[in-house]
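Down below is the structure, laid out as structure tokens.
Below, chains carry the letters A, B, ... as their sequence lines are ordered, and counting in each starts from 1.
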Amino acid sequence: MLDQHLLRSNLEEVRQALAKRRFQLDVSTLEQLEVRRKKLQIETQDLQAERNSRSKTIGKEKAVGNDIQPLLDEVANLGDQLKLNEQALEQVQAELDVILQAVPNMPHASVPVGKSEQDNVEVRRWGTAREMDFTAVDHVDLGEALGLLDFETATTIASARFVIMKAGIARLHRALIQFMLDTHTQEHGYTEVNVPYLVNADSLFGTGQLPKFAEDQFHIEKQGLYLIPTAEVPVTNMARDKIIPAEQLPVKYVCHTPCFRSEAGSYGKDTRGMIRQHQFEKVELVQLVQPGKSYEALEQLTGHAEAILQKLELPYRVVALCTGDMGFSAAKTYDLEVWLPGQGKYREISSCSNFESFQARRLKARWRNPETGKPELLHTLNGSGLAVGRTLIAVMENYQTKDGKIRVPGLLQAYLGGLTIIG
RNA sequence: GGAGGGAUGGCAGAGCGGUUGAAUGCACUGGUCUUGAAAACCAGCAAUGGGGAAACCUGUUCGAGAGUUCGAAUCUCUCUCCCUCCGCCA
């Protein structure tokens, strides 16, 4: 949610910033509603003040034993009038809220302007693809040939977009999680947390998945809970309605969870393999920082995610998303794209974003600024560090051998009891 | 699932239908004292919104929502969450 003061005072500026991300702000409707809001609010407040002072007088008169009936007669109509005003005001504010909740974050000045994925800007590249004296296959062919990936059975158990991993692959998958958590806690200063995988609607609203993206969520109606689409939701919501002391900042959490996505809008997209699943695992990095430090933190957090790829010696590139390709809540996003020899291209494996105060405003996630002594909104950030399923794919495809096996990256061998090859 | 108890400021914890946004304690901030610190003492200290150039005026909030009333933290109803005991259970 954007700052309402900013909207009122710099509506045109906000409109232009949002236009860069191809969002059309309905300026005239907003202006009209704002005029009505202001008028109604002033009137309502005046009536409330009137009621309050009259009631106080009645109390005093009654206390000294005077006849209060004349006073009661005077205020007879006040209540009805007040109620009408309050209802009208509530109505206008509800209309404003509906509009405002659907407004995305404003892109940071440093974000490249563009329409789509095509306009994203490559920031840097790391590593080079291994030379292979054979034709690389993708993880599906590789995994199915080894009998260690089973999409068909998963489909009969659940539906499309699920997978069963077995033996060496399942173990490699688990090792990756362990490796990522260890790296982030021991080398990057994150605190490991384990959180609920089911959350309520307030939590999804807080991080921006609701109300606009209800279709993307798995919803358990009976209990009114949702399966988390990412650990970002429960972890960032740990700060909801809290005022965090300045000395505890920055808060840095790392969290491994499964993630559940309905993929409602992606029928026919990435239907092959493990790239896009209804259920996948992710190690997520979340930071809560002072407003002045969030861009510095974004660079660091992105570096923390990159470190995993570097340790696994997986070639990747860092891409700054353009205004048209960024997510709803983000002010700036870097994607990490890993090289997949089976597809012959770079594919997203991490997305690192600074949300500035956009989520914090919805969450009421604040810190106490020692300079003012007042609570102020935090800045929130998160990034995948990394998406485990896609990392597994990357390891499989980059470390495949001519005879269809998978070498285990050096640093991972310790997590697999010294195993050097799978298959 | 059955029975009971509860939800108040950063925390703990009082609260009569009427100058209660809310006693008190802790924490925090400033001051006195001290070589310094502690202790003691004094003072301050909820959040959030609207109007206004400002001074300042004013609204809302005691788990959430509805109701009674001139007036609700206080009374009524509904819901949510938490706790205790019993049952079931990884």
Side-chain angles (χ1 to χ4, degrees), chain A residues 1-11 30-97 100-101 194-206 210 219-226 234 237-249 251 258 288 357 360-378:
Chain A
M1 199 122 77
L2 294 177
D3 182 2
Q4 294 209 30
H5 295 110
L6 189 68
L7 267 165
R8 283 178 205 154
S9 54
N10 297 330
L11 191 55
L30 274 175
E31 278 174 337
Q32 285 169 27
L33 281 171
E34 175 55 20
V35 168
R36 287 174 54 201
R37 188 230 97 219
K38 191 163 170 175
K39 179 170 175 286
L40 278 168
Q41 185 158 358
I42 293 171
E43 284 174 11
T44 305
Q45 278 183 204
D46 286 349
L47 285 167
Q48 285 169 330
E50 175 79 6
R51 176 203 60 196
N52 290 347
S53 76
R54 295 263 190 174
S55 294
K56 201 164 268 187
T57 309
I58 290 172
K60 279 187 201 169
E61 291 299 314
K62 199 180 174 190
V64 295
N66 290 338
D67 179 18
I68 56 168
Q69 193 53 48
L71 294 170
L72 291 181
D73 294 342
E74 276 178 42
V75 293
N77 297 326
L78 203 88
D80 295 336
Q81 182 60 45
L82 179 56
K83 187 157 279 183
L84 287 175
N85 265 273
E86 283 174 341
Q87 281 167 356
L89 178 60
E90 207 171 307
Q91 172 72 30
V92 170
Q93 268 165 346
E95 284 175 44
L96 273 167
D97 279 348
L100 293 176
Q101 282 168 11
N194 189 295
V195 297
Y197 302 159
L198 297 173
V199 295
N200 56 36
D202 286 345
S203 293
L204 282 165
F205 177 82
L210 288 181
H219 185 195
I220 300 171
E221 254 168 82
K222 193 177 171 205
Q223 282 85 2
L225 295 170
Y226 297 79
N237 271 277
M238 286 167 69
R240 169 146 57 96
D241 294 319
K242 297 238 166 83
I243 300 171
I244 296 172
E247 59 271 20
Q248 284 177 22
L249 297 176
V251 173
L288 311 173
S357 58
R361 188 167 293 108
R362 292 172 161 237
L363 290 163
K364 296 189 189 67
R366 297 174 292 174
W367 68 299
R368 198 172 288 278
N369 185 342
E371 285 176 25
T372 60
K374 291 288 172 191
E376 294 175 13
L377 292 172
L378 286 161

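When the C1' atom of B:U48 is taken as reference, atom CD of A:Q41 falls 12 Å away, rounded to whole Å. Between the CD1 atom of A:I42 and the C1' atom of B:G52 there is a distance of 10 Å, given to the nearest Å. For the pair A:R240 CZ and B:A64 P, the computed distance is 14 Å after rounding to whole Å. What separates CG of A:L7 from P of B:G49 is a distance of 14 Å, to the nearest Å. A straight line from CG of A:L82 to C1' of B:U69 spans 13 Å, rounded to a whole angstrom. Rounded to whole angstrom, the span from the CZ atom of A:R366 across to the C1' atom of B:A47 amounts to 6 Å. Whole-Å rounding puts the A:K242 NZ to B:A47 C1' distance at 17 Å. Here the C1' atom of nucleotide B:C81 and the CD atom of A:Q223 are 16 Å apart, to the nearest Å.
Here A:L96 contributes atom CG and A:L30 contributes atom CG; the two are 6.5 Å apart, rounded to the nearest 0.5 Å. Of the inter-residue distances, the one linking A:N369 atom CG with A:K374 atom NZ reads 11.5 Å to the nearest 0.5 angstrom. Rounding to the nearest 0.5 Å gives a distance of 9.0 Å between CZ of A:F205 and CG of A:L363. The distance from atom CG of A:L40 to atom CD of A:E86, rounded to the nearest 0.5 Å, is 11.5 Å. The line from CG of A:L71 to OG of A:S55 is 10.5 Å long, rounded to the nearest 0.5 Å.
A donor N or O paired with an acceptor N or O is found under 3.5 Å between the base of B:G49 and the side-chain atoms of A:Q45.
If you take atom P in B:A38 and the same atom in B:C26, they sit 16 Å apart, rounded to whole Å. Using C1' as the reference atom, B:G67 and B:U19 are 27 Å apart when rounded to the nearest Å. Using P as the reference atom, B:G6 and B:A90 are 34 Å apart when rounded to the nearest Å. Across B:U84 and B:C45, the matching P atoms stand 38 Å from one another, rounded to whole Å. Rounded to whole Å, the P atom of B:G9 lies 15 Å from the corresponding atom of B:G65. B:C42 sits 23 Å from B:G10 when the C1' atoms are compared, rounded to a whole Å. Nucleotides B:C33 and B:A27 are separated by 23 Å at their P atoms, to the nearest Å. B:A7 and B:A12 have their P atoms separated by 12 Å, with the value rounded to a whole Å.
Mapping A:G59 and A:Q4 onto RNA chain B via the closest heavy atom, the residue that lands nearer the 5' end is A:G59. Along RNA chain B, the nucleotide nearest A:E34 and the nucleotide nearest A:I243 are compared for position; the residue whose nucleotide lies closer to the 5' end is A:I243.
At a threshold of 4.0 angstrom between heavy atoms, the contacts of A:K62 include nucleobase atoms, whether or not backbone atoms are also involved. Within 4.0 Å (heavy atoms only), A:P375 reaches sugar-phosphate atoms of the nucleic acid but no base atom.
Between A:E34 and A:K38 no salt bridge is recorded (no basic side-chain N to carboxylate O distance below 4.0 Å).
Contact between the side-chain N/O atoms of A:K374 and the OP1/OP2 oxygens of B:A47 is found at a separation under 4.0 Å. In terms of phosphate contacts, A:H5 brings a side-chain nitrogen or oxygen within less than 4.0 Å of OP1 or OP2 of B:G50. Close to B:A47, at under 4.0 Å from its OP1 or OP2, lies a side-chain N or O of A:R368.
Base pairing of B:U80: its partner is B:A7, meeting the Watson-Crick or G-U wobble criterion (both donor-acceptor distances under 3.5 Å). With a 3.5 Å ceiling on both atom-pair distances, B:A27 lacks any Watson-Crick or G-U wobble partner. The partner of B:G71 cannot be assigned: no Watson-Crick or G-U wobble pair with both contacts below 3.5 Å exists in any strand. Nucleotide B:A46: paired with B:U61 (Watson-Crick or G-U wobble, both distances less than 3.5 Å). In this structure, B:A55 forms no base pair with any nucleotide, since neither Watson-Crick nor G-U wobble geometry is met with both distances under 3.5 Å.
Checking B:U19, B:G49, B:G52 against every side-chain atom of A:K38, the shortest atom distance belongs to B:G52. The side chain of A:R37 has B:G50 as its nearest neighbour among B:G50, B:G18, B:U68.
Checking A:Q48 against A:N52 by side-chain atom types alone, no donor-acceptor pair falls below 3.5 Å. Between the side chains of A:Q91 and A:E95, a donor-acceptor pair is found at a separation under 3.5 Å.
Interface residues of residues 46-53 of chain A facing RNA chain B, ordered by number: A:Q48, A:A49, A:R51, A:N52; criterion, heavy-atom separation under 4.0 Å.
For the pair A:G206 and A:R362, the tightest heavy-atom approach, listed with the atom from each and the gap, is O-CB, 3.6 Å. Scanning all heavy atoms of the two residues, the minimum distance from A:N237 to A:S203 falls at ND2-O, 2.8 Å.
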